[in-house]
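Report on the structure given below.
We use all heavy atoms of the structure for the numbers below, so side chains are in, but hydrogens, waters and symmetry mates are not.
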Amino acid sequence: MLQAIGLTSTPRRDRPPAVDDLTFEAPTGAVTALVGPPGSGKTAALRLLLELDPGRGLTYFRGRPLHRIAQPAREIGVVLGDVPGHPSRTVRGQLRMLAAGAGVPVARADEVIRAVGLGGLEGRRLGTLPRGADRRLALAAALLGEPHTLLLDDPGAGLSPAERTRLHELLRAHARAGGTVLYTTRDPKDAARHADHVVTLDAGRLVAAQDAGDFARTRLRPRVAVRSPQAARLAAAVTQEARSARRPVEVVTDDGTLLHVYGGDCAQVGDIAFRHGVPVHRLTEETGETAEADPGPAGTTAEGARDAGPVPGAPAPDRARAARRPVRSPLRPLRYELRRALGVPSTGLVTVGVLAVSAVLAVLLGRGGGTPLPAVLAAWPDLLPLPPAALGAGLLGALSFGEEYRYPALAAGRGAVPRRLALLLAKLAVAAGGALLLGALVAATDLAALRLCYGPELISVPDNWGLMAASWLALSVGCAWAGVLGAGVFRAAAAGVAAVLFVPVALVPVLGHVMSGPAVRSVAGLPGRLGEFAGPRWAPSLDRWIAGALEVVGQPAGVALGLTLTVLLCAYVFTGLRPQARW
């Protein structure tokens with residue numbers, strides 16, 4: 001059961017609150033509709049239920065507040081607008097990535113694809129989906145974690161009548177299985193037809209909370225819809241006979257050929273049309289909205305709902321709650337990040353571009369024969385601030401957080417991205433692995449291009465190739481991490497790329513000038529002194545590796561990159577890793 005007690009949104013400026021002291025229940029095993037005209041506060045009420053907007057009040061999901069639920073994706077499925085996914089990602093790729101975020105098996109993605117009727121569209125990209133398929137994808141994402149409660153904001157918008165019927169059948173099946181369903185709609189007839197309970201809102205306040213039958217009887221009234229090419233003649237005949245029989249009948253003409261007759265039934269209208277020789281093309285009974293809202297004795301009024309009092313043992317409903325920004329942190333962050341990186345074409349395009357540029361530069365640099373082989377393989381001439389591999393690794397790292405903020409799939413409808421330590425570590429690990437792989441591919445591609453153009457006899461490997469390869473790969477990994485942290489701190493991929501370029505363009509020249517001064521001390525002999533502390537177990541082979549590592553770190557580029565990463569990591573920790581509600 002879902003219980004909302006005293007929900008009140010924080011007003012902005014001189015406007016009244018969008019939701020004012022709203023109290024209602026959505027029982028388990030039933031479909032509850034939240035009905036009201038546009039601007040009545042339906043969407044604002046859902047956002048208050050999910051603690052997305054600042055306000056007061058309490059919400060309980062099966063007796064627990066949201067911040068006490070360990071895995072909200074397993075308890076609550078939410079549809080607030082469309083699924084904010086990358087337009088180049090496929091339907092199956094998007095759902096598998098979200099499945100990793102929800103901690104559910106990958107096979108669950110295919111199950112919900114079939115359940116919502118997206119079969120045959122698994123390979124379509126999100127940017128090419130029609131409106132109806134986009135709404136079904138949003139529902140599929142809400143069902144991924146097999147939640148108990150579904151909160152849906154106007155789920156039938158943009159769907160065809162057949163798709164809308166399938167949607168309500170799915171919601172009904174979820175309720176019959178013991179779940180709770182709460183959805184918003186502006187159509188009272190839709191609520192009366194498909195819901196078990198109806199909560200009516202007006203100007204953010206509760207008007208009535210009723211069973212669907214009571215709602216249809218008190219807030220809707222029956223009418224007869226009749227279509228005829230002689231609608232005006234039929235309307236006059238119905239009005240005349242009703243006046244003669246002293247029956248209260250109201251006839252409303254719509255679009256010239258359609259009549260709505262209030263106060264009669266199909267038999268009466270059909271007999272009148274037959275007696276007067278009026279042809280009838282359509283004759284059916286419908287329900288229409290009442291002119292004034294009157295819940296009647298069977299309804300629960302707003303005052304009655306507030307008089308019912310809070311749930312026993314619950315805090316007072318007027319207690320102000322802080323505006324939380326609950327977001328979903330992936331339960332399987334490494335799997336999520338791998339699917340995120342490999343599910344969009346930008347990763348492959350950047351990789352192919354880096355390989356092509358580096359191969360062309362390697363061939364041009366190797367043509368004169370004066371450039372050393374390591375510089376040729378790295379394709380790092382003096383006119384570029386960074387080798388293509390390091391620049392490409394930094395760009396991929398920047399996109400890892402930049403795409404999260406541009407298409408926040410983990411925080412649909414919330415405008416926030418979880419900045420958890422587990423997600424950061426997963427992004428750093430995937431960025432490092434991608435940088436190492438990209439560096440190896442660049443070296444292999446450049447070497448193959450040189451052998452193809454100039455022959456293998458011109459290729460000579462230097463003795464210190466291991467140290468050079470380690471320093472080059474370390475530079476690529478450092479640039480990738482700078483891109484990740486820069487985009488994470490400043491919430492944009494461009495900021496991550498700027499952080500990568502800041503090192504060679506601005507910081508390295510300054511540090512090179514400082515470190516070339518006469519007062520700079522050397523750390524020569526440090527491996528030997530460390531060996532004295534370690535004793536006889538110190539392996540002599542470690543001296544060479546430590547000396548090489550110190551040589552790499554001691555270069556101006558290494559010092560600049562280390563300082564940049566330290567500053568960015570501290571900024572990320574202080575601005576992002578703070579306690580917040582899990583979602």
Side-chain angles (χ1 to χ4, degrees), residues 345-399 431-483 493-494 496-513 516 548 551-552 555-561 564:
S346 58
T347 302
L349 292 176
V350 171
T351 302
V352 171
V354 167
L355 293 179
V357 171
S358 62
V360 171
L361 288 177
V363 171
L364 294 177
L365 291 173
R367 181 181 181 182
T371 305
L373 179 63
V376 172
L377 291 180
W380 192 4
D382 295 335
L383 56 93
L384 290 180
L386 282 176
L391 188 59
L395 177 57
L396 292 178
L399 290 177
L436 293 176
L437 179 60
L438 185 61
L441 289 176
V442 164
T445 302
D446 293 352
L447 184 60
L450 291 173
R451 287 178 177 270
L452 178 64
C453 293
Y454 306 122
E457 62 276 1
L458 299 179
I459 304 301
S460 59
V461 179
D463 295 335
N464 61 340
W465 66 270
L467 179 60
M468 292 182 176
S471 61
W472 183 49
L473 294 177
L475 177 64
S476 299
V477 172
C479 289
W481 285 353
V497 176
V500 174
L501 294 177
F502 173 77
V503 174
V505 173
L507 200 55
V508 169
V510 174
L511 288 177
H513 178 72
S516 62
E551 183 178 349
V552 172
Q555 297 296 323
V559 175
L561 194 56
T564 302

Which atom pairs, one a donor and one an acceptor, fall under 3.5 Å between side chains of residues 385-393 and the rest of the protein, sequence neighbours left out?
none

- Query: Once you round to the nearest 0.5 Å, how far does SG of Cys479 lie from CG of Leu396?
  - Reply: 12.0 Å

- Query: Does Ser346 have any side chain to side chain donor-acceptor pair (under 3.5 Å) partners at least two apart in sequence or in another chain, and if so, which?
  - Reply: Glu403

- Message: To check you understand the geometry: which heavy-atom pair defines the closest contact between Ala398 and Ala493, and what is its length?
- Response: CB-O, 3.5 Å

- Message: To check you understand the geometry: which heavy-atom pair defines the closest contact between Tyr454 and Val363, and what is its length?
- Response: OH-O, 2.6 Å

Do any side-chain atoms of residues 497-506 form donor-acceptor pairs under 3.5 angstrom with protein atoms, and if so which ones, sequence neighbours left out?
none

- Message: Looking at every heavy atom in both Gly478 and Leu561, which two are closest together, and how far apart are they?
- Response: CA-CD2, 3.4 Å

- Please, which pairs that meet side chain to side chain donor-acceptor pair (under 3.5 Å) have at least one residue in residues 357-366, sequence neighbours excluded? Ser358-Asp446

- Item | Any residue meeting side-chain contact (heavy atoms from CB on, under 4.5 Å) with Leu436, in chain and number order, not counting sequence neighbours | Leu473, Val477

